[in-house]
Amino acid sequence: MTEAFDAVDVILAKRDRHELTDDQIRWVVDAYTRGVVAEEQMSSLAMAILLNGMTRREIATWTGAMIASGERMDFSGLSRPTADKHSTGGVGDKITLPLAPLVAVFGVAVPQLSGRGLGHTGGTLDKLESVAGWQAALSNEAMMRQLEDVGAVICAAGSGLAPADKKLYALRDVTGTVEAIPLIASSIMSKKIAEGTGALVLDVKVGSGAFMKTREDATELARTMVDLGTDAGVTTVALLTDMSTPLGLTAGNALEVRESVEVLAGGGPDDVVELTVRLAEEMLDAAGRGGQDVRAALTDGRAMDAWRRMIAAQGGDPDAPLPVAQHTEEVLAPADGVVTQMDAYGVGVAAWRLGAGRARKEDPVQAGAGVELHVKPGATVRAGERMMTLHTDTPDRFERAREALEGAVSIAPRARARPSAPSSSTGSPDVRHPDRRGRPPRAEGPPARPPRRRPAPRDGRRARRGLRLRRPADHRPRCPRRLVPGRRRLRVARALPRDVLAHRRGDADRGAADPRRARVRPRPRRRRRRLRRVALRPELHIEGGLPLERVVEAVLAGLREGEAEAAAAGTPIRVRALLTAMRHAARSREIAELAVAYRDRGVGGFDIAGAEAGFPPTRHLDAFEYLRRENAHFTIHAGEAFGLPSIWEAIQWCGADRLGHGVRIVDDVQVGDDGVAVLGRLADYVRDRRIPLEMCPSSNIQTGAAESVAAHPITLLKNLRFRVTVNTDNRLMSGTSMSREMQLLVDEAGWTLADLRWVTINAMKSAFLPFEERLELIEHVVKPGYAALGA
């Protein structure tokens with residue numbers, strides 16, 4: 001038989017950056033499936049595609065050729081709608097295991113065709129094969145019966161379904177071409193379209209542990225797949241989720257099955273639970289069954305029942321003990337401190353080298369091998385304390401696994417946020433980005449050098465006036481500037497000072513007429529306040545069944561009444577609400593949509609708050625992407641309990657307009673004995689962009705982010721001309737007021753009336769208000785008020 005094309009010609013065309021014709025693509029996919037194109041030739045073509053990419057037309061044609069290489073399934077005969085989910089792969093990503101039975105609980109069939117491990121990421125089939133008796137291979141007839149009876153199936157794609165992809169999938173794993181976006185998109189979508197599912201939710205991972213290292217690449221992949229699915233008539237939704245830190249507490253096979261069963265039993269790590277719930281909600285919405293109480297199905301046992309039926313239907317014993325590795329070795333903390341980073345890539349490679357993954361497509365995997373995590377970023381550890389346990393059947397693998405973990409974990413001393421003496425670090429955040437050609441990871445993100453410590457001045461004040469600045473010779477922002485949209489940085493003022501600021505003359509404690517000192521004290525006559533910000537957390541007010549919309553409307557109505565009463569009393573005020581979502585919950589997108597819907601009715605913007613440790617802001621990328629598309633403003637609380645990685649993610653990944661707290665940015669500032677301050681790349685970026693830092697001295701002391709007001713970084717950051725503001729945080733927690741915070745800064749940190757005027761103007765410059773309103777408040781309220789006091 002004479003072939004229409006020559007494989008070498010096709011390879012050369014793509015190598016030389018030419019577009020392949022539709023006929024060339026269809027031929028090469030078909031010829032490879034038939035064995036005419038050799039493995040080494042397809043390897044070369046895959047590498048050329050990785051390096052030079054493909055147009056949308058080429059990708060669509062390639063995907064169509066992959067589908068045409070085999071059969072197509074049809075689920076229209078089922079009595080229930082179908083929905084599927086696909087993840088682009090990550091470290092510890094076991095979400096498919098609890099997700100499929102969870103969605104089946106609500107009458108949606110889940111035909112989950114899964115694959116095996118690729119590189120440093122695990123494979124769903126490898127994990128489930130650690131369950132005794134479980135079979136990955138099912139006939140189409142058996143699959144249809146199980147979907148009708150149980151509602152969920154996780155199995156390998158049949159030999160007749162996109163066989164071209166089956167060959168190429170294994171080849172990419174061992175030729176360094178896994179990260180090629182056209183090949184990833186066509187591989188995933190050819191199977192999913194040929195599978196015949198009615199709806200598809202894509203979990204596109206982004207970060208050091210994912211194949212997509214940057215948000216730009218992940219977004220490109222997501223859009224490519226959504227386009228392919230939509231064009232094929234499949235309801236397709238894509239979510240970008242963080243994979244800079246391992247998901248959950250295990251990376252392996254049997255280890256991850258065990259953790260998945262814990263989730264199905266109503267427990268498990270919070271990050272695994274939250275992502276499972278969110279994806280289940282998306283799948284149900286796409287299948288037309290939205291509005292279900294998904295979380296309840298995990299806690300009341302329904303999801304566990306569906307899991308047991310699904311495993312048993314495929315020959316598995318859900319009660320059989322899972323395999324355990326023969327050998328274990330612990331990784332201990334080298335120093336006391338707080339874990340600031342745990343690189344997913346390093347953990348994934350370690351699990352791979354322990355036997356959880358494969359180096360060649362013919363290699364077997366060990367069921368019990370992997371890495372078990374005992375701490376996550378944000379946790380406090382002591383030297384010698386167990387951080388990880390390595391599992392393997394072959395102990396000679398431990399050494400190479402440890403090599404993979406070198407530099408993967410960073411530990412910083414517990415917060416000692418002294419302005420002039422930033423805490424040193426045993427390893428600043430190191431965002432590892434292995435490049436798309438398989439070369440070793442390179443360091444990005446916040447700087448890795450430890451700051452130098454300067455002895456504190458004897459008078460107890462931690463910051464000198466008149467600090468001199470210099471930049472290192474190689475000064476460039478280490479965090480990629482391209483990750484941050486060039487938007488204006490605005491901030492809502494918490495409040496103008498409620499009480500009047502006045503010089504205190506003849507104070508016996510300070511001597512007469514000290515012009516550097518100011519005193520915050522009530523003034524006998526009434527003064528006018530013009531702006532108040534109210535932080536509203538709708539999620540905390542719905543236990544009685546009130547919808548989120550009604551919560552917002554009720555609060556806004558109350559604020560309007562308060563404005564009317566204040567105006568009638570002669571003290572007009574303007575109140576703007578921030579709608580706040582909680583980091584540990586999964587409703588940020590809903591609350592972001594409310595912030596946009598009500599922004600012309602009293603809502604100034606969106607805010608996300610709550611515990612930083614274990615709940616990175618990148619878990620809520622969907623909400624932040626939505627807000628940016630709608631030109632809405634938002635704040636992210638970052639850089640208090642957690643360090644520089646939290647700040648970096650909030651700015652570079654999420655695009656925050658402001659940072660709530662941000663106090664730990666001082667960890668990226670060095671102050672020498674000569675009083676010269678050197679800003680690291682992240683600190684320099686924050687200052688250059690005028691990103692507001694909402695400092696809350698009393699609250700930061702209470703949470704351990706600062707030792708005292710005198711030692712609080714706000715003074716150093718003010719002197720270095722960062723855009724700092726003074727705030728109160730949650731008054732129920734810190735029990736303070738703006739007057740008290742300002743008085744503490746005067747009494748303990750040596751602030752003057754001019755300093756207070758400066759931070760107040762900062763607050764108004766950064767407010768989530770129209771420019772004219774901010775300008776009017778600054779020029780006609782703030783400046784005249786301080787001028788009357790002599791500032």
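Throughout, residue positions are numbered sequentially from 1 according to the sequence presented.
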- Item | Arg353 vs Phe398, side-chain contact (heavy atoms from CB on, under 4.5 Å): CA-CA, chis, key distance, verdict | CA-CA 8 Å; Arg353 291 179 177 178; Phe398 283 130; over 6 Å; no
- Who are the side-chain contact (heavy atoms from CB on, under 4.5 Å) partners of Ser69, not counting sequence neighbours? Thr33, Pro163, Ala164
- Query: Could you give the distance from CG (Asp393) to NE2 (His327), rounded to the nearest 0.5 Å?
  - Reply: 7.0 Å
- Message: Using side-chain contact (heavy atoms from CB on, under 4.5 Å), reason through Leu50 and Leu183 one step at a time and then give a plain yes or no.
- Response: CA-CA 8 Å; Leu50 169 68; Leu183 299 182; 6.0 Å; no
- Message: Applying side-chain contact (heavy atoms from CB on, under 4.5 Å), can you list everything that pairs with Ala344, at least two apart in sequence or on another chain?
- Response: Val91, Ser208, Met243, Pro246
- Message: Donor-acceptor pair, distance only, cut-off 3.5 Å: does the side chain of Asn52 make one with the backbone of Lys14?
- Response: yes
- Message: Quick one about Asn253 and Ser130 (side-chain donor to acceptor, distance below 3.5 Å, no hydrogens or angles considered), yes or no?
- Response: no
- Query: With Ser44, which residues qualify under side-chain hydrogen bond (donor to acceptor under 3.5 Å, both in side chains), at least two apart?
  - Reply: none
- Backbone N/O of Leu113 and side chain of Lys192: donor-acceptor pair under 3.5 Å: yes
- Query: Just how far is it from atom NZ of Lys191 to atom CG of Asp165, taken to the nearest 0.5 Å?
  - Reply: 4.0 Å
- Query: Within the distance-only criterion (no hydrogens, no angle test), does the side chain of Ser410 pair as donor or acceptor with the backbone N or O of Thr340 below 3.5 angstrom?
  - Reply: no
- Item | Student check: side-chain heavy atoms of Val110 and Lys85 closer than 4.5 Å | no
- Approximate separation, where rounding is to 0.5 Å, of Leu275 CG and Asp270 CG: 12.5 Å
- Message: Gln135: which residues meet the side-chain contact (heavy atoms from CB on, under 4.5 Å) condition with it, sequence neighbours left out?
- Response: none
- Would you say the side-chain atoms of Gln314 pair up with the backbone N or O of Ile154, donor to acceptor, closer than 3.5 Å? yes
- Message: Asn140: which residues meet the side-chain hydrogen bond (donor to acceptor under 3.5 Å, both in side chains) condition with it, sequence neighbours left out?
- Response: Glu71
- Query: With side chains defined as the heavy atoms from C-beta onward, is the minimum distance between Val204 and Met225 less than 4.5 Å?
  - Reply: yes
- Query: Within a strict 4.5 Å, meaning less than it, do heavy atoms of the Ser187 and Leu168 side chains meet?
  - Reply: no
- Taking the side chain as C-beta and beyond, is there a heavy-atom pair between Leu202 and Ile188 under 4.5 Å? yes
- Quick one: salt bridge (charged side-chain N to carboxylate O under 4.0 Å, His left out) partners of Asp242, sequence neighbours excluded? none
- Query: Would you say the side chains of Gln366 and Thr394 form a donor-acceptor pair under 3.5 Å?
  - Reply: yes
- Taking Lys94 for the side chain and Glu259 for the main chain, is one N or O donor matched with an acceptor at less than 3.5 Å? no
- Message: Among residues at least two apart in sequence or on other chains, which ones pass salt bridge (charged side-chain N to carboxylate O under 4.0 Å, His left out) with Glu40?
- Response: none
- Note on the structure: Residues Ser87 and Lys205: closest non-hydrogen pair is OG-CE, 3.7 Å
- Item | Donor-acceptor contact below 3.5 Å, side chain Gln146 vs main chain Ala152 | yes
- Message: Any heavy-atom pair between the side chains of Leu621 and Val206 that's under 4.5 Å?
- Response: yes
- Go through the structure and list residues passing side-chain hydrogen bond (donor to acceptor under 3.5 Å, both in side chains) with Arg402, not counting sequence neighbours. Glu329
- Task: Apply side-chain contact (heavy atoms from CB on, under 4.5 Å) to the pair Asp271 and Thr245, showing each step before the final yes or no.
- Result: CA-CA 11 Å; Asp271 56 349; Thr245 299; over 6 Å; no
- Message: So, taking the atom named CD in Glu372 and the one named CG in Leu255, what distance separates them when rounded to the nearest 0.5 Å?
- Response: 6.0 Å
- Qualifying residues under salt bridge (charged side-chain N to carboxylate O under 4.0 Å, His left out), relative to Glu330, sequence neighbours excluded: Arg386
- Query: Do Val409 and Met388 have side chains that get closer than 4.5 Å, going by heavy atoms?
  - Reply: yes
- Write down the atom of Ala156, the atom of Leu125, and the distance for their closest heavy-atom approach. CB-CD1, 3.6 Å
- Task: Give the minimum heavy-atom separation between Ala350 and Val371, together with the two atoms involved.
- Result: CB-CG2, 4.1 Å
- Residues which pass salt bridge (charged side-chain N to carboxylate O under 4.0 Å, His left out) with Glu649, listed by chain and number, not counting sequence neighbours: none
Under 3.5 Å donor-acceptor pairs involving side-chain atoms of residues 303-311, not counting sequence neighbours:
| from | atom 1 | to | atom 2 | distance (Å) |
| --- | --- | --- | --- | --- |
| Arg308 | NH1 | Asp319 | OD1 | 2.8 |
| Arg308 | NH2 | Asp319 | OD1 | 3.1 |
| Arg308 | NH2 | Asp319 | OD2 | 2.9 |

- Note on the structure: In this structure, CD1 of Ile49 is separated from CD1 of Ile181 (nearest 0.5 Å) by 13.0 Å
- Message: Counting C-beta onward and ignoring hydrogens, is there a side-chain heavy-atom pair between His86 and Met189 closer than 4.5 Å?
- Response: no
- Between atom CD1 of Ile184 and atom CZ of Arg172, what is the distance when rounded to the nearest 0.5 Å? 5.5 Å
- Message: Restricting to side-chain hydrogen bond (donor to acceptor under 3.5 Å, both in side chains), what partner residues turn up for Asp396, sequence neighbours left out?
- Response: none
